[in-house]
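Here's the structure, in C-alpha cells; my notes come after.
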There are 2 protein chains.
Amino acid sequence: MDVTLKGLRAFLAIARHRSFTRAAGLLHVTQPALTVQIRQLEVALGLRLLDRTPQGVEPTAAGLELARVLEVQLRDLDHTLENVRDLAARRRGTVRLAALPSVASSLLPSAMLRMRERHPELRVQLQEAVTGRIHDMVRAEMVDIGIASGPPPGPDLAREPLFQDHLLAILPADHPLASRRRIPLEALARESLLLLESNTSVWRVLDDAFAAKGLRLTPFQQAVHTSTLVGMAQAGLGIALLPSTAVELRIAPELARRRLQPDLAREIVVVHRTGRSLSPAAAALIDALRESVAA
Amino acid sequence: MDVTLKGLRAFLAIARHRSFTRAAGLLHVTQPALTVQIRQLEVALGLRLLDRTPQGVEPTAAGLELARVLEVQLRDLDHTLENVRDLAARRRGTVRLAALPSVASSLLPSAMLRMRERHPELRVQLQEAVTGRIHDMVRAEMVDIGIASGPPPGPDLAREPLFQDHLLAILPADHPLASRRRIPLEALARESLLLLESNTSVWRVLDDAFAAKGLRLTPFQQAVHTSTLVGMAQAGLGIALLPSTAVELRIAPELARRRLQPDLAREIVVVHRTGRSLSPAAAALIDALRESVAA
DNA sequence: TCGCTCGATAAAATTTCTTTATGGACGTAA
DNA sequence: TTACGTCCATAAAGAAATTTTATCGAGCGA
C-alpha cells in the first residue's frame, strides 16, 4: 500500500473541515471512500492521523503536524503543476526563433502581432541569420525553431513549408526590360546585377538556375543589406535581384518589380529538430505564421 | 484523469535516467506501465514532457522545468512522510505526562530507563500533580496521559489499571503495634496519625475506610512531603500512613512497614481522553510502565 | 540487410477504488 | 428512557485503473 496524492488531499480536507462527511461533499465522493482512503494512508504511515468521534473528527498530534506541513507542500506542488499547465495553455512561455532577415522584417511582425492578440503572455526571442546558420542553431538547440529557405540538409532536421518567396528583379521603371512581365535569365545575364552575398539562399537559387542554362552569374555589386541594393537600383546602377519578402521594396514605389522567366522562388520553411516536439509557444508562433501567410 | 504521485515519480525517474526501460527496472515495474503513466501525466498537464527517440529519452523544455522543481518538492514531501513514519516507529516524539509524585519517584524512573533503552529518541515531559489536577490536565489536553489513582470521574476520561498501591503504616520497630502483621483501623484510630494533605488520594481512601467503620480520621499532623512524615515517624511522633510507592521508605530501614486490616490500597491507573488515540510515544511509555510493574 | 534496442500498443488479468447498503455509537429531544 | 438524527465504519458489488504479457515498428550499427 502506497501514499497517494488523492489520499493526502483527502486527509487535508478532512483535517481542515473536521468531518469525513463534509469533506466527502467537497471532494465529490461518498463518505466511505474517504474512510478507506484515510485508512490506507494511516496504514502506509503506520499510525493514526485522525481521531474519529461521533461529535466530529480531531487530528492526532501526528495528524496535526502532518497537516501543517502538507498544506504548504501540496500548495507548492499544485503551483508547480499549474505552471506547467500555463505552458500548455500558452499563458506562459518563450519561443527561441532563428529567422531569415527578410522573413523577420516582412512576415514575422504580422505573425507576432497575431500571436500577441491570442496569447499576450508569450514571448519571442528572435535571432536573424542566413539559412545555413539557422540550421546549425536549430541543430545545436540554440533555438527552438528556425525559419529558413529550402530543404534542410540532414535527417535530424524536419521542415514544414510556409510559403514560396519569389525572386524579383528590381529595376527602374524606365529600364528597357521593365516592359516585360517576366524577365528571362538570359536577358539578366547581360545586365549589371546587384546581388546579396554568396552565402545566401537567393544567391544559391539564382546560381543554380543560371548554371542550368549554361549562364555565368557575375554580379556587378554585392551587399549584405537589401536596402543597399535597392538604393543602387534606384540610382540606375543596375538590376537588383531580391526576394519578395525584402521589405524595402514597399517603400520604393518608383521601382518596377518583375518575376523572372523561369519563375525562381525559394521555399520558406519552418525547421525544427526531428524527434523533438514543438513547445506550445513554438506551435503558437507557427500557427500565427500560417495565418499571416494565408491572409 | 488526474496527476498522481506515482506518475510524477515515474516521470522523474525517466527524466533522470533518460530511459523508460531503465526507469522501469529501478521502479520494479514493466516498461509499458511507465509508457501509460507518462501518457496520463502528459494528458493531465496538457503537453508533452518527454521526447521519445530510439536513441533515448529527452525531456522537453517543459519537462526539464518540471523535473527540476519536482525533484525538490518530492524530496521534501518524502521527507515529511518519513518524519511521520519516525513518529510511528518511535524514533521521534514526546509524551507529555502528568503523574502522582509518588509514582514519579518510584515506578516512573525505571520505566523511563526501560523506554530509553528501546527508543532512545523519545522524550518525556513530566509534570507532577495530585489526582484531581491530573484529571484536569488530561481533560484539557495539557498532557497526553496521566498517572493517577482511582477511577476517573467523567466519561471523557478512560483508565487503564497499572497496579495496586497499598497503604502502609510506618511505625518505629519497637512500637507495640509493630508486632502485628496487619494493623486494624480501629487500632490506628487510637494512635497519633501522620498523614498527607486531605486533597490526596491517600487521604480519601483512608477517610472512606474509617467512615465505613464509623471511625473518625483525626490526624495528629499533616504534611505535603512524605519525607516529613517519615521523619516524624522516625522521631516517634506517631504512625505515618503512606502509599508503598513513597520512595523515602527505602531509605529508612529501621522503621517497620505494615499493611492495614482491612488492606487498603489505591489503584494506580493510566488516564487518557476517551476517543483520543495514544501517540506512539505515549504507548511506548505505557508499555515501559507495565514492564516495570511486572518486573 | 540483419539483428538489436527502445518505446508504443492491445488485450487480458489483476488490483484498486468507489458506490450502495447497512450497522453501531453517541448525542439530543420529547 | 426511548426515538431519532448524525457521524463514521464495514461489507459486498460494481466500476475503474493499473499492470503484465505479447507483439509491433522505428532507427541504429555491424
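Chain naming here is simple, since letters A, B, ... match the order of the sequence lines and numbering starts at 1 in each. This structure is a prediction, so every number in the text was calculated from the model and none was measured.
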Seminar exercise, completed: When rounded to whole Å, the CG to C1' distance for the pair A:Asp156 and D:dG27 reads 14 Å
Exercise. Rounded to whole angstroms, how far apart are NE2 on B:His17 and C1' on C:dC6?
Worked result: 17 Å
For this session: Would you check if A:Phe163 and A:Asp165 make a side-chain contact, meaning some heavy-atom pair closer than 4.5 Å?
Result: yes
For this session: Give a yes/no answer on whether the side chain of B:Gln40 brings an N or O atom under 4.0 Å of OP1 or OP2 in D:dT18.
Result: yes
For this session: Looking only at non-hydrogen atoms, find the nearest pair between B:Thr60 and A:Ser277 and report the distance.
Result: CG2-OG, 3.4 Å
Exercise. Do the side-chain N or O atoms of B:Gln37 get closer than 4.0 angstrom to the phosphate oxygens (OP1, OP2) of D:dT19?
Worked result: yes
For this session: Mark yes or no for whether B:Arg9, through its side chain, and B:Thr4, through its backbone, hold a donor-acceptor pair below 3.5 Å.
Result: no
Exercise. Rounding to a whole Å, what distance do you find between A:Arg276:CZ and C:dG7:C1'?
Worked result: 16 Å
For this session: Tell me which nucleotide among C:dG7, D:dC8, D:dT19 gets nearest to the side chain of B:Phe20.
Result: C:dG7
Seminar exercise, completed: Value for CG (A:Leu87) from CG (B:Leu45), rounded to nearest 0.5 Å, stands at 10.0 Å
Exercise. Do the side-chain N or O atoms of A:Arg22 get closer than 4.0 angstrom to the phosphate oxygens (OP1, OP2) of D:dC7?
Worked result: no
Exercise. Where the side chain of A:Lys6 is defined as all heavy atoms beyond and including C-beta, which of C:dC17, C:dA8, D:dA9 is the nearest nucleotide?
Worked result: C:dC17
Exercise. Is any side-chain nitrogen or oxygen of B:Arg52 closer than 4.0 Å to OP1 or OP2 of C:dA8?
Worked result: yes
Exercise. Reckon A:Thr21 touches a base, only the sugar-phosphate, or nothing at all at heavy-atom distances under 4.0 Å?
Worked result: sugar-phosphate
Exercise. Can you check the A:Asp51 CG to D:dC7 P distance for me, whole Å?
Worked result: 18 Å
Problem set entry | Which atom of B:Glu121 lies closest to which atom of B:Arg91, heavy atoms considered | CB-O, 3.0 Å
For this session: Take the protein atom CG of B:Leu34 and the nucleotide atom C1' of C:dA8, then report the distance between them rounded to whole Å.
Result: 13 Å
Exercise. When the distance from CD1 of A:Ile38 to P of C:dT18 is rounded to whole Å, what number comes out?
Worked result: 11 Å
For this session: Using a cut-off of strictly less than 4.0 Å, decide whether A:Arg39 has a side-chain nitrogen or oxygen near OP1 or OP2 of D:dT10.
Result: yes
Exercise. According to a strict under-4.0 Å criterion, is A:Thr35 in side-chain N/O contact with OP1 or OP2 of D:dC8?
Worked result: no
Seminar exercise, completed: Winner on side-chain proximity to B:Pro32, out of C:dA8, D:dA9, C:dT18, is C:dA8
For this session: Using atom CG of B:Leu27 as one end and atom C1' of D:dT18 as the other, report the distance to the nearest whole Å.
Result: 14 Å
Exercise. A:Leu41 CG to C:dC17 P: how many Å, rounded?
Worked result: 12 Å
For this session: Check every atom of C:dG7, C:dT20, D:dA9 against the side chain of B:Gln31 and return the nucleotide holding the closest atom.
Result: C:dG7
